[in-house]
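Just so it is clear, the values below take in all heavy atoms, side chains as well, and ignore hydrogens, waters and symmetry mates. Below, read A as the first sequence line, B as the second, and so on, with proteins coming before strands; counting in each chain starts at 1.
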There are 2 protein chains.
Amino acid sequence: MSTCQQCIIKQFNALRALGKDDLIRLSGCKTSKYITKGEVLFREGESINGVYCIKDGICKLTKLSANGKDQIVKLVVTGDLLGQRSLVSDEKSNLTAIAVNDMEVCFIPKREILHDLTRNASFSLDMLQEMAKELRIADNIIVDMAQKSVRQRLADLLLYLHTTFDVDEGGFLSVILSREDYANLVGTATESAIRILSQFKKEGLISTTGKQIKVVDFDGLKRVE
Amino acid sequence: MSTCQQCIIKQFNALRALGKDDLIRLSGCKTSKYITKGEVLFREGESINGVYCIKDGICKLTKLSANGKDQIVKLVVTGDLLGQRSLVSDEKSNLTAIAVNDMEVCFIPKREILHDLTRNASFSLDMLQEMAKELRIADNIIVDMAQKSVRQRLADLLLYLHTTFDVDEGGFLSVILSREDYANLVGTATESAIRILSQFKKEGLISTTGKQIKVVDFDGLKRVE
DNA sequence: CTTAAAACATGACAAATATCATATATTTTA
DNA sequence: TAAAATATATGATATTTGTCATGTTTTAAG
């Protein structure tokens, strides 16, 4: 079994701020878990009681809106922590986490993280910085949701997926999402998302083969309005 | 000149976690400032280099979207801190702050706050908790922006203003906003906001006298769809 | 007080998006 | 493999929202 100390994943999140002794302690009480595509890691309203460190895979954080539709609030990827927000504010989870592809995660109990947060200022400062970054991103999404058209938001999403998750040998986006996921990410009806993706294809901005999507004209997508 | 130690405002934000000595130190280097309605406290892209503690008044945090419209991301009120996010992540401000009514604020330089953040774990944990709360609120706003109609968002806003800022003797909302502000808060055209407010009035959900608005049927507004 | 400017209001119309219906393709299950 | 379930696609239409035009009211300035 691998230890947190050896694990390179910690470089990508606040755990990097911990020293050798703390990492050894975490290793001793962490559990690891494999989740297959589509499985639920935790649900809105549940107590998480710890933090997940994503060793591999991608998951979507969704919230059920009043009208019964799921909104995907963000995608969380390899290297990210999951559940810090609920842990810090001592609340049940505000969001549901569902695996977008097969995942490997480590679970670290709340008590251990709190131990470090209260004693290790550089760890809590690092976590504070991460959360500040998330907050800026969330504010920007609010503005985009409020002011941009569905067409623009969908173009932005494709650009985001292209730059953030990279592409495979064929140039296709390496994250495979359903059309419904696309709709739930930009906040529109599934039919609208499908329709606009078809338009993008006709306009030569993207090409598609089943669920696989390739960004053909990056700058063209940027200019969409 | 009043000291931070005596100031009751600190009860409402992370400064409550500081001890006597730290508060005395802050008092020594803080500056206070009066801002009149409509004045800009800081702009998007500026370095704030500190934190504002709002002693009195309300201000709106806006961001200019790609299409040239201002979106109000949140209202910040008496007791809140302003600028922590930029300070913590060491970035220029992502938002513009404009006074909605006359304000009194105290400015505390970055260096002093950082001093406490790196040394005082309970202070940085408290700030972390505040930011976690803000992040949950932001996530919920994203869902509402994406999934609710303009009519619902405007009804929600009236309910929020009613419960958060209370009402005057006549039952009118104590925050006076222009119709344009209402539009920029819910992310719609000014004409649309005006039109829907007129509808609410006809439907007996609110009553208005000039800029003053009174929530008449709270539960009715809740049921708006 | 009078005039100019800004804010508010509303109609008419255009554009964007949602909804419903239906068809086809793809995946899963038996 | 066949059948069922699910996902994708697209047309027709309704609804929501934005834009432009115009008039009225309120506020600010001289």
Side-chain angles (χ1 to χ4, degrees), chain A residues 36-39 60 65-72 98 100-101 144-157 172-173 176-203 206-213 224-225, chain B residues 36-39 60 65-72 98 100-101 144-157 172-173 176-203 206-213 224-225:
Chain A
T36 60
K37 180 181 169 178
E39 271 194 282
K60 55 184 177 183
S65 78
N67 68 19
K69 279 191 189 167
D70 278 314
Q71 174 68 27
I72 301 180
I98 301 175
V100 165
N101 48 29
D144 286 348
M145 284 290 180
Q147 302 284 355
K148 289 187 177 176
S149 67
V150 172
R151 209 177 130 81
Q152 274 179 305
R153 268 140 53 197
L154 198 46
D156 286 351
L157 174 58
F172 291 99
L173 298 177
I176 305 291
L177 297 171
S178 68
R179 302 294 196 263
E180 191 180 6
D181 283 337
Y182 276 95
N184 293 346
L185 273 159
V186 301
T188 189
T190 306
E191 297 97 318
S192 296
I194 291 174
R195 219 180 291 272
I196 293 170
L197 285 175
S198 298
Q199 287 170 10
F200 285 168
K201 196 174 174 179
K202 272 186 198 137
E203 294 165 23
I206 62 173
S207 71
T208 69
T209 314
K211 277 188 159 53
Q212 295 194 99
I213 297 180
V224 160
E225 39 180 70
Chain B
T36 60
K37 182 180 170 179
E39 270 193 283
K60 54 183 178 185
S65 78
N67 68 21
K69 279 190 189 169
D70 278 313
Q71 174 67 27
I72 301 180
I98 302 175
V100 164
N101 48 31
D144 287 349
M145 284 291 180
Q147 302 284 356
K148 290 188 176 176
S149 66
V150 172
R151 211 177 128 82
Q152 275 180 303
R153 270 141 51 199
L154 197 47
D156 285 351
L157 173 58
F172 291 99
L173 298 177
I176 305 291
L177 298 170
S178 69
R179 300 295 197 261
E180 191 180 7
D181 283 336
Y182 276 95
N184 293 345
L185 272 158
V186 299
T188 190
T190 305
E191 297 94 321
S192 296
I194 290 174
R195 218 180 293 272
I196 294 171
L197 285 175
S198 297
Q199 287 169 11
F200 285 168
K201 196 173 175 179
K202 271 185 199 139
E203 294 164 24
I206 61 171
S207 72
T208 68
T209 314
K211 277 190 160 51
Q212 295 195 98
I213 297 181
V224 161
E225 40 182 69

Length of the CG-C1' vector between B:D181 and C:dC8, whole Å: 14 Å

Base versus backbone protein contacts along nucleotides 5-20 of chain D [heavy-atom cut-off under 4.0 Å; B, S, -]: --SSBBBB----SBBB

I need the CG-P distance between A:N184 and C:dA18, as an integer number of Å. 12 Å

Please give, in whole Å, the distance from C:dA15 C1' to B:N67 CG? 15 Å

Report all side-chain donor-acceptor pairs from residues 191-199 of chain B shorter than 3.5 Å, counting only partners two or more places apart or in another chain.
unit_1	atom_1	unit_2	atom_2	d
B:S198	OG	B:I194	O	3.0
B:Q199	OE1	B:R151	NH1	3.2

Length of the NZ-C1' vector between B:K37 and C:dA6, whole Å: 13 Å

Student check: side-chain heavy atoms of A:I206 and A:T208 closer than 4.5 Å: yes

Any heavy-atom pair between the side chains of B:L154 and B:Y182 that's under 4.5 Å? yes

Search all heavy atoms of A:R153 against all heavy atoms of A:D144 and return the closest pair with its distance. CD-O, 3.6 Å

Measure the shortest side-chain to side-chain distance between A:K60 and A:D181 over non-hydrogen atoms and say whether it is less than 4.5 angstrom. yes

Distance col, row B:E180:CD vs B:D70:CG, nearest 0.5 angstrom, shows 8.0 Å

